[in-house]
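To start, the structure under review is shown below, and the notes come after it.
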Amino acid sequence: MLKKIKVTQLRVGMYINDLKCGWMNHPFTVNRFKIKSDSEIRQIIAAGVKEIEIDIKKGLDIFVEKRKAENGPLRKVVDQRSENLPVKVSVMQELGPAKIAFAEAGEFITDMMANAKMGQHVELEQVNPVINKMSASILRNPNALLGLSRIRAMDKYTFEHSVSFSVLLMSFAKSMGLSIEIINNVGIGGLLHDIGKTLTPDEILNKPGKLTDEEFVIMKKHVVDSRLILEKTKGLSQVSMDIAAQHHEKFDGNGYPLGLKGEQISVYGQMAAIVDVYDALTADRCYHVGKEPSEVLKLLLKWSGTHFNPALVRKFIQAVGIYPAGSLVLLSNQHLATVIDISDNMLKPQVEVFVNTKKRCYVPRKLINLAEQDEIKILSIESYVKWNIKH
């Protein structure tokens, strides 16, 4: 059975019967094929196609896709695809703009928290230019900013966590096909989500060790403080507010400050809870070394159904990849490399080699696309510090 749909309704698994354009106007060798990846959808959108014809006997129907959502609110947002996505570029092409966006976001959050500590309100007009640059970079290639967000300083955790949190959340929203407006709103919520910590005593906020029960009660108050501060920000969306107010709520109702459960937590609050834990556990702090991303992803799966919405955990893993951008990996040829970009095959990213571990020497940096290499595979993911200790 044939059905006409908008290009923004395309999903992986649908069978295209007619692209509704001449074969010279699209990058594919045929007009009829099954969609196998999000990158194919991006290519169709980039080609300027507005409407297509699908065959629901040979592939998914749009209504089938909606029924697959495991969470009620999630069903409402998965269809909010952006209609004007920019053409994807390589990480190397995007690295320059990403560095500028990342640096400006860091400067903004530092100044904003200093101003908030003095009792000044957050002006949305100051946030928007920062978020616009970040979202534009993420839409072109999220792995440039994701890689930069892995470079952290222990003594700047609160500031850099806010930027990294925002980058991860925007990339998460982008991978789900949400609109540019939603991507921007989750980015704003990400940057501002911890603004309440400006009212947390420094000796608790920066304590190099485990908090006492009394100290933890004070620390948890930052979520309420964030909400109270942001309620004074004119024009702030409910999406941004949900992220700030709900990022410590848990899917089973054991979170704080309100103990919300399941669908009582907005989808964006549920997404923020996943991102907050992922970023916190992968970051180095003055009192512990961050866990490897692959190890944290296993923990997220372990906590699915209790701390987190299982459907969203799987979508988050698809967004960041098994080997996230910025990760250090050991290859089967005994070279150490940094993950640069993630392909459709999450097990075979693009990497940049820089150390020969067998000879214990640096080598000229070289990009390798593992998806095009049968003989070279990833043996393990590890931190450079741990590698030096082992070798």
Side-chain angles (χ1 to χ4, degrees), residues 102 104-124 126-127 130-131 134 145 149 152-173 184-208 211 215-233 236-250 255-258 260 265-266 268-287 290 307:
F102 192 77
E104 290 184 359
E107 292 174 4
F108 166 79
I109 196 69
T110 302
D111 292 343
M112 182 207 68
M113 286 200 163
N115 293 338
K117 208 160 191 173
M118 300 294 291
Q120 296 183 26
H121 296 170
V122 177
E123 300 293 338
L124 209 56
Q126 297 173 332
V127 188
V130 176
I131 290 297
M134 290 172 66
L145 268 175
S149 69
R152 309 275 285 274
M154 295 180 191
D155 58 342
K156 297 180 180 178
Y157 175 77
T158 300
F159 303 106
E160 294 187 346
H161 168 67
S162 295
V163 179
S164 180
F165 181 97
S166 183
V167 169
L168 285 163
L169 202 50
M170 293 170 81
S171 298
F172 192 179
N184 286 346
N185 285 336
V186 300
I188 291 170
L191 272 186
L192 305 180
H193 81 289
D194 269 349
I195 193 170
K197 287 184 176 178
T198 56
L199 303 180
T200 305
D202 287 342
E203 62 270 19
I204 294 177
L205 186 63
N206 300 312
K207 182 179 178 179
L211 299 177
E215 289 170 336
F216 190 52
V217 170
I218 297 172
M219 175 63 86
K220 289 196 294 184
K221 191 175 178 292
H222 82 271
V223 181
V224 176
D225 289 334
S226 291
R227 179 178 60 78
L228 293 174
I229 292 171
L230 294 178
E231 282 178 348
K232 299 173 184 176
T233 301
L236 190 71
S237 71
Q238 188 61 48
V239 170
S240 301
M241 182 64 80
D242 285 345
I243 288 165
Q246 299 178 354
H247 68 279
H248 281 298
E249 300 288 356
K250 293 181 181 176
Y256 64 87
L258 299 178
L260 301 178
I265 312 167
S266 79
Y268 309 106
Q270 294 178 38
M271 292 168 65
I274 295 169
V275 169
D276 189 63
V277 170
Y278 175 85
D279 189 67
L281 292 183
T282 54
D284 288 337
R285 302 295 302 275
C286 56
Y287 50 86
H307 291 20

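Note that the numbering runs from 1 along the sequence shown for the chain. Side chains included, hydrogens not; waters and symmetry mates left out as well; all remaining heavy atoms used.
The heavy-atom pair separating I109 from L191 by the smallest distance is CD1-O, 2.9 Å. Of all heavy-atom pairs between I204 and L211, the closest is O-CD2, 3.7 Å. Listed here is the closest heavy atom pair of P201 and I218: CD-CG2, 3.9 Å. The heavy-atom pair separating V163 from M134 by the smallest distance is O-CE, 4.3 Å. Of all the heavy atoms in M170 and N184, the pair that sits closest is CE-OD1, 4.5 Å. Of all non-hydrogen atoms in V130 and Q126, the two that sit nearest each other are CG2-O, 3.9 Å.
Using modelled atom types, no side-chain atom of S166 and backbone atom of S162 make a donor-acceptor pair closer than 3.5 Å. For S164 (side chain) and E160 (main-chain N/O), no donor-acceptor pair under 3.5 Å exists by modelled atom type. The backbone N or O of D111 lies less than 3.5 Å from a partner atom in the side chain of N115, making a donor-acceptor pair. Judged purely by atom type and a 3.5 angstrom limit, S226 uses its side chain to pair as donor or acceptor with the backbone of G196. No donor-acceptor pair closer than 3.5 Å links the side chain of E249 to the backbone N or O of G269.
The shortest distance between side-chain heavy atoms of I188 and L124 falls below 4.5 Å. When side chains are defined from C-beta on, H307 does not count as touching V277, because their heavy atoms never get closer than 4.5 Å. Contact annotation: the side chain of H247 never approaches that of V275 to less than 4.5 Å [non-hydrogen atoms, C-beta and beyond]. No side-chain heavy atom of K221 sits less than 4.5 Å from a side-chain heavy atom of L199. Within the 4.5 Å cutoff, no side-chain heavy atoms of S240 are placed close to those of L230. A 4.5 Å side-chain heavy-atom check between T233 and M241 finds every atom pair outside the cut-off. Using a 4.5 Å heavy-atom cutoff, the side chains of T198 and M118 are not in contact. Taking 4.5 Å as the limit, some side-chain heavy atom of I243 sits within range of a side-chain heavy atom of F165.
Distance CD/E104 to CD1/I131: 11.5 Å, rounded to 0.5 Å. If you take CD1 on I195 and CE on M112, they are separated by 4.0 Å, rounding to the nearest 0.5 Å. A distance of 10.5 Å separates CG in L168 from CG in D276, rounded to the nearest 0.5 Å. Taking CG of N185 as the start and CG of L236 as the end, the distance is 8.0 Å to the nearest 0.5 Å. In this structure, CG on L260 lies 5.5 Å from CD on Q246, to the nearest 0.5 angstrom. Here the CZ atom belonging to F172 is positioned 12.0 Å from the OH atom belonging to Y278, to the nearest 0.5 angstrom.
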Q) Is there a side chain to side chain contact (heavy atoms under 4.5 Å, CB included) between V223 and R227 once you walk through the steps? A) CA-CA 6 Å; V223 181; R227 179 178 60 78; over 6 Å; no
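Side-chain contact of H248 with H193: a donor-acceptor pair under 3.5 Å is absent, judged by distance alone.
Between K207 and E203 there is no salt bridge, since none of the side-chain N atoms of the basic residue sits less than 4.0 Å from a carboxylate O of the acidic one.
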